[in-house]
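To start, the structure under review is shown below, and the notes come after it.
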Amino acid sequence: QVQLVESGGGLVQAGGSLRLSCAASGRTFSTYSMGWFRQAPGKEREFVAALNWDGLLTVYADSVKGRFTISRDSAKNTMYLQMNSLNPEDTAVYYCAARPSYVGSWSAATIPHWGQGTQVTVSS
């Protein structure tokens with residue numbers, strides 16, 4: 001069983017930065033692939049970024065490439081999302097996600113483990 005707890009959300013001005021953290025518990029964390037999704041009001045949950053069990057493989061949504069960086073620290077059982085050059089379109093609830101395999105489409109339907117979400121609001 002994997003339990004996920006996000007932190008680090010908040011209010012930031014356009015052009016600013018935030019770093020989200022996802023603390024994981026459970027013996028299988030080190031073998032799981034992890035990711036971030038986000039959901040804006042009235043929209044479907046969408047993929048943001050993901051990485052494999054050792055962090056050497058990463059994938060990003062086109063909308064965040066070059067601005068966001070995903071990483072993990074297995075010693076701390078924690079995953080991060082560094083978000084730079086934020087804009088109002090990045091406003092959403094951000095969710096931490098975990099699944100056994102990195103391979104395949106990173107759609108919300110493929111995720112068995114979710115965190116509770118953390119709000120990110122970017123003001124113009």
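- Linking ILVMFWY residues whenever their side-chain heavy atoms come closer than 4.5 Å, directly or via other members, places I111 and V93 in the same cluster.
- Other residues, nucleotides and ligands contribute over 12 non-hydrogen atoms within 6.0 Å of the CD atom of Q116.
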Residue pair Q13, V122: steps toward the side-chain contact (heavy atoms from CB on, under 4.5 Å) verdict: CA-CA 5 Å; Q13 289 188 331; V122 185; over 6 Å; no
Chi angles and distances behind the side-chain contact (heavy atoms from CB on, under 4.5 Å) call for V120, L20: CA-CA 9 Å; V120 172; L20 305 183; 4.0 Å; yes
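- If you take CG on L11 and OG1 on T91, they are separated by 8.5 Å, rounding to the nearest 0.5 Å.
- Contact annotation: the side chain of M34 approaches that of C96 to within less than 4.5 Å [non-hydrogen atoms, C-beta and beyond].
- Atom OG of S63 and atom CD of E89 lie 10.0 Å apart (nearest 0.5 Å).
- With hydrogens and angles disregarded, a donor-acceptor distance shorter than 3.5 Å links the side chain of T118 to the backbone of G9.
- Judged purely by distance below 3.5 Å, without hydrogens or angles, the side chains of N84 and S17 pair a donor atom with an acceptor atom.
- The side chain to side chain donor-acceptor pair (under 3.5 Å) contacts involving residues 98-107 comprise R99-T110, where partners must be two or more places apart or lie in separate chains.
- Nearest heavy atom pair, residue P112 against residue P100, reads CG-CD, 4.2 Å.
- In this structure A49 satisfies the side chain to side chain contact (heavy atoms under 4.5 Å, CB included) test together with Y60, I70, L81, sequence neighbours excluded.
- With sequence neighbours left out, S74 forms a side chain to side chain contact (heavy atoms under 4.5 Å, CB included) with R72.
- At distances below 3.5 Å, at least one donor-acceptor pair connects side-chain atoms of T78 with backbone N or O atoms of K76.
- The side-chain hydrogen bond (donor to acceptor under 3.5 Å, both in side chains) test applied to N77 returns no partner, not counting sequence neighbours.
- Partners of S85 by side chain to side chain contact (heavy atoms under 4.5 Å, CB included), not counting sequence neighbours, listed by chain and number: R67.
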Full working for side-chain contact (heavy atoms from CB on, under 4.5 Å) between M83 and V64: CA-CA 9 Å; M83 304 185 295; V64 307; over 6 Å; no
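- For Q119, the CD atom counts as densely surrounded, since its 6.0 Å shell holds more than 12 non-hydrogen atoms of other residues, nucleotides or ligands.
- Aromatic ring orientation, F37 versus F47: perpendicular (interplanar angle above 60°, classes split at 30° and 60°).
- When hydrophobic clusters are built by joining Ile, Leu, Val, Met, Phe, Trp and Tyr residues whose side-chain heavy atoms come closer than 4.5 Å, directly or via intermediates, V12 is grouped together with W36.
- Rounded to the nearest 0.5 Å, atoms OH (Y80) and OG (S21) are 5.5 Å apart.
- Here the straight-line distance linking atom CG of L86 with atom CG of L18 works out to 6.0 Å at 0.5 Å rounding.
- Within the structure, salt bridge (charged side-chain N to carboxylate O under 4.0 Å, His left out) contacts touching residues 34-43 (residues at least two apart or in different chains) are R38-E46, R38-D90.
- Heavy atoms only, all atoms of each residue included: Y94 and V48 are closest at CE2-CG2, 4.4 Å.
- Between the SG atom in C22 and the CD atom in E6 there is a gap of 5.5 Å [rounded to 0.5 Å].
- Ring geometry for Y95 against W114 counts as perpendicular: the plane angle is over 60°, on a 0 to 90° scale with 30° as the lower cut.
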Test log, rule side-chain contact (heavy atoms from CB on, under 4.5 Å), inputs Q82 and F68: CA-CA 5 Å; Q82 178 66 45; F68 291 11; over 6 Å; no
